[in-house]
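Take a look at the structure set out below.
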Amino acid sequence: MQGERLDKAFFEADPLLVAQNLLGKVIVRQFDDHSKKRYRISETEAYRGEDDLACHAAKGRTARTEVMYHAGGKVYVYLVYGMYWMLNFVTSGFNYPAAVLIRSAGEITGPGRLGRELQLDKTFYGEDLYDSLRIWVEDEGREAPVFIATPRIGIDYAGEWAKKEWRFVLG
DNA sequence: GTAAGGATTGGC
DNA sequence: CCAATCCTTACT
């Protein structure tokens, strides 16, 4: 059970497309003891541009959001509620801030639990998905899965932007 | 410097 | 319903 590591062209695209295309793809995590675990992505959310009030980049380019302005293919992690590391993949091209949040994968439900399962921490900020030995994403060559779109979770503060159906769930 | 709040979870 | 827990951002 192995596939091709996703490349530059995959991530340097619009986050709405990347979020949809990531469904069914497989996160591979290689731990310090060289053991590997694989997690099939089942739920994603897109965050796109400074206009998107739910996107962290709505506050502009800061130390925290810097990596979102990089070209697609890097990891964006941040600590939320002082406890949970959220896993995101940067998308789009240089200087356009966008990312996809992985909300569920494998048997793990919920982004906080996923971050704990993957043993994420601040050292994953900016990790390059194209050459990392710790985390990357593979395409096992399966058919594109069926999915549904819904509003994003936990961003009620974003006003009209909270209504956009930028969350995608296998189904 | 200080304060407010969060892309969540689990326990009461 | 609400506390945990700490980083980021904004600013009386």
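Chain naming here is simple, since letters A, B, ... match the order of the sequence lines and numbering starts at 1 in each.
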Worksheet item: According to a 4.5 Å side-chain heavy-atom criterion applied to Ile, Leu, Val, Met, Phe, Trp and Tyr, with indirect links allowed, do I155(A) and L79(A) form part of one hydrophobic cluster?
Response: yes
Practice prompt. Determine the Euclidean distance between corresponding C1' atoms of dC2(C) and dG5(B); express it in Å to zero decimal places.
Written response: 15 Å
Mind checking M86(A) for me? I need base, sugar-phosphate or nothing, with any heavy atom below 4.0 Å counting as a touch.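 Result for M86(A) = sugar-phosphate.
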Touch class at under 4.0 angstrom, heavy-atom based, for R152(A) against every strand present: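 Answer is nothing: R152(A) stays at 4.0 Å or more from every strand.
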Atom-to-atom span, [atom1] of [X] to [atom2] of [N] - whole angstrom:
{"X": "L53(A)", "N": "dA7(B)", "atom1": "CG", "atom2": "P", "value": "12 Å"}
{"X": "R167(A)", "N": "dA7(B)", "atom1": "CZ", "atom2": "C1'", "value": "12 Å"}
{"X": "K59(A)", "N": "dC7(C)", "atom1": "NZ", "atom2": "P", "value": "18 Å"}
{"X": "D156(A)", "N": "dA7(B)", "atom1": "CG", "atom2": "P", "value": "11 Å"}
{"X": "Y81(A)", "N": "dC6(C)", "atom1": "OH", "atom2": "C1'", "value": "13 Å"}
{"X": "I155(A)", "N": "dA7(B)", "atom1": "CD1", "atom2": "C1'", "value": "7 Å"}

Using only side-chain N and O atoms of H56(A), determine if any of them is under 4.0 Å from OP1 or OP2 of dT8(C).
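The answer is no; no side-chain N or O of H56(A) sits under 4.0 Å from OP1 or OP2.
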Verify stack between Y47(A) ring and dA7(B) base, 5.5 Å, 30 degrees:
yes
Notebook entry, point to check: If you measure from the ring centre of Y84(A) to the centre of the six-membered ring in the base of dT8(B), is it under 5.5 Å, with the planes under 30° apart?
Noted result: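 So Y84(A) does not count as stacking on the base.
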| message | Using the side-chain heavy atoms of M83(A), tell me which of these nucleotides is nearest: dA4(C), dT9(C), dG6(B). | response |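 Closest nucleotide among those given: dA4(C).
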Of the candidates dA7(B), dC7(C), dA10(C), the side chain of N88(A) sits closest to dA7(B)
Are the side chains of [Y] and [X] in contact, using a 4.5 Å heavy-atom criterion?
{"X": "L22(A)", "Y": "F89(A)", "result": "yes"}
{"X": "I41(A)", "Y": "I102(A)", "result": "yes"}
{"X": "K59(A)", "Y": "R64(A)", "result": "no"}

The single option from L170(A), L23(A), L16(A) that satisfies side chain to side chain contact (heavy atoms under 4.5 Å, CB included) with T44(A) is L23(A)
Worksheet item: Cationic tip of R29(A) within the cone over Y39(A)'s six-membered ring, i.e. under 6.0 Å and within 45° of the normal?
Response: no
Exercise. With both distances under 3.5 Å as the test, what is the Watson-Crick or G-U wobble partner of dC2(C)?
Worked result: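 dC2(C) is paired with dG10(B).
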Under a 3.5 Å limit on both distances, the Watson-Crick or wobble mate of dT8(C) is dA4(B)
Which residues within residues 108-125 of chain A lie with some heavy atom under 4.0 Å of an atom in DNA chain B?
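By residue number: G110(A), P111(A), G112(A), R113(A), R116(A).
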Students often mix this up, so state it plainly: with edges at 30° and 60°, are the rings of H56(A) and Y76(A) parallel, tilted or perpendicular? perpendicular
